[in-house]
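Data block below; observations after.
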2 protein chains.
Amino acid sequence: MFKLSKKVEYGILSLQYMANQNGNIITAKEISEHLNISFEFLSKTLQSLIKQGLIESIQGVHGGYKLAKPADKITFSDVIRALENRSSIVECLTEDIENCGRISCCTIKTPMTQIQDKINNIFDITTIAEIAIY
Amino acid sequence: MFKLSKKVEYGILSLQYMANQNGNIITAKEISEHLNISFEFLSKTLQSLIKQGLIESIQGVHGGYKLAKPADKITFSDVIRALENRSSIVECLTEDIENCGRISCCTIKTPMTQIQDKINNIFDITTIAEIAIY
DNA sequence: ATAAAATACGATAACAATAGTCGGATTTAT
DNA sequence: ATAAATCCGACTATTGTTATCGTATTTTAT
């Protein structure tokens, strides 16, 4: 599977929604209703975005969330990093594998690294600002 | 997760190995030993590659496998198509979804399609021939 | 003070996809 | 006939995702 997780999908939609709020605070409930997704699941998603420093939260009765920085400074890579245990297209690129059983004969590491770089680049250069205008 | 499945990884390695055999037939056992992967699992992988027309098999005592076409005509996309239930980065791009609950407000379809196209292109232009030289 | 409205967060269940195994059937050269 | 190989469906195990639940904490209005 080569699919973004629901968390990433919801994260992007939420960030986009916040980007269109002109800096106003917005509640998880409002986002969850607008996007028609589970409030609890969304909340966890938003909390992960906080940890990554992409959004800020205000607790209490008039609390909620807002972007922590300009939308053009938030890349898809940031969102993915916040919300997925993102691994590389093949394990050996990122994880320190003592022995994949093929070390002596593995010949795809270089081309796979090149592919990985291209994919990373796609998500690096795409920002929330770009999709907020839609 | 944005990871190629083991089947695709093994498929690519197997195809690369076959590409370096100068058209000679090679057995699943030999590949599985060379790559140090389960014979049974590899066999299923190879059978899927046959179905997709990427390799040919010869049954019987001196049987085995070989490429069905030149290595530069076999793309990573071909391999992925043969070995994974490949879906798009977000469901709504490929599957006919009557109601994702966000149709009326979804605004990421266009940018997601563009990203999908770029990713597809990466795998479309990478061939077994390119990695066989390594 | 107290209640209400909001976020924070760990535990866990449900589900889906991948990864791997098993057993038996078929094909073919010798 | 036998051995060496592919073929293939059924099954199990593992892993990752998706979702829910319960409870705690923070802040504001009254």
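Just so we're on the same page: letters track the sequence lines, and every chain starts at 1.
C/dT18 atom P lies 12 Å from atom CD1 of B/Ile80, rounded to whole Å. What separates CD of A/Glu40 from P of C/dA11 is a distance of 18 Å, to the nearest Å. Taking atom CD of residue A/Glu56 and atom P of nucleotide C/dA8, one finds them 12 Å apart after rounding to whole Å. Atom CG of B/Leu46 is separated from atom C1' of D/dC8 by 14 Å (rounded to the nearest Å). In this structure, B/Lys6 atom NZ and C/dA17 atom C1' are separated by 15 Å, rounded to whole Å. Rounded to whole Å, the distance from CZ on A/Phe39 to P on C/dT7 is 5 Å.
Between A/Phe41 and A/Tyr10, the ring planes lie perpendicular to each other; the angle is over 60°, past the 30° to 60° tilted range. Ring planes of B/Phe2 and A/Phe123: perpendicular class, angle over 60° (limits at 30 and 60°).
Under the 4.0 Å criterion applied to side-chain N and carboxylate O atoms, A/Lys3 and A/Glu84 are not assigned as salt-bridge partners.
Taking the side chain of A/Gln59 as heavy atoms from C-beta on, and the options D/dT26, C/dA19, D/dT18, the nearest nucleotide is D/dT26. The side chain of A/Lys44 approaches C/dG10 more closely than any other nucleotide in the set C/dT28, C/dG10, D/dC8. Here C/dT18 is the nucleotide among C/dT18, C/dC22, D/dT6 with the atom lying nearest to any side-chain atom of B/Ser5.
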Distance-only donor-acceptor hits, side chain of residues 52-75 of chain A, under 3.5 Å, sequence neighbours excluded:
from: A/Thr75; atom 1: OG1; to: A/Ser77; atom 2: N; distance (Å): 3.3
from: A/Thr75; atom 1: OG1; to: A/Asp78; atom 2: N; distance (Å): 3.1
from: A/Thr75; atom 1: OG1; to: A/Asp78; atom 2: OD2; distance (Å): 3.2

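Side chain to side chain, B/Asn120 and B/Gln116 meet the donor-acceptor criterion of an N or O pair below 3.5 Å.
Nearest-nucleotide positions on DNA chain D place A/Tyr10 closer to the 5' end than the other of A/Tyr10 and A/Ile58.
Within a 6.0 Å sphere centred on CG of A/Asn24, heavy atoms belonging to other residues, nucleotides or ligands number more than 12.
For the segment residues 60-71 of chain A, residues with any heavy atom less than 4.0 angstrom from an atom of DNA chain D are, sorted by number, A/Gly60, A/Val61, A/His62.
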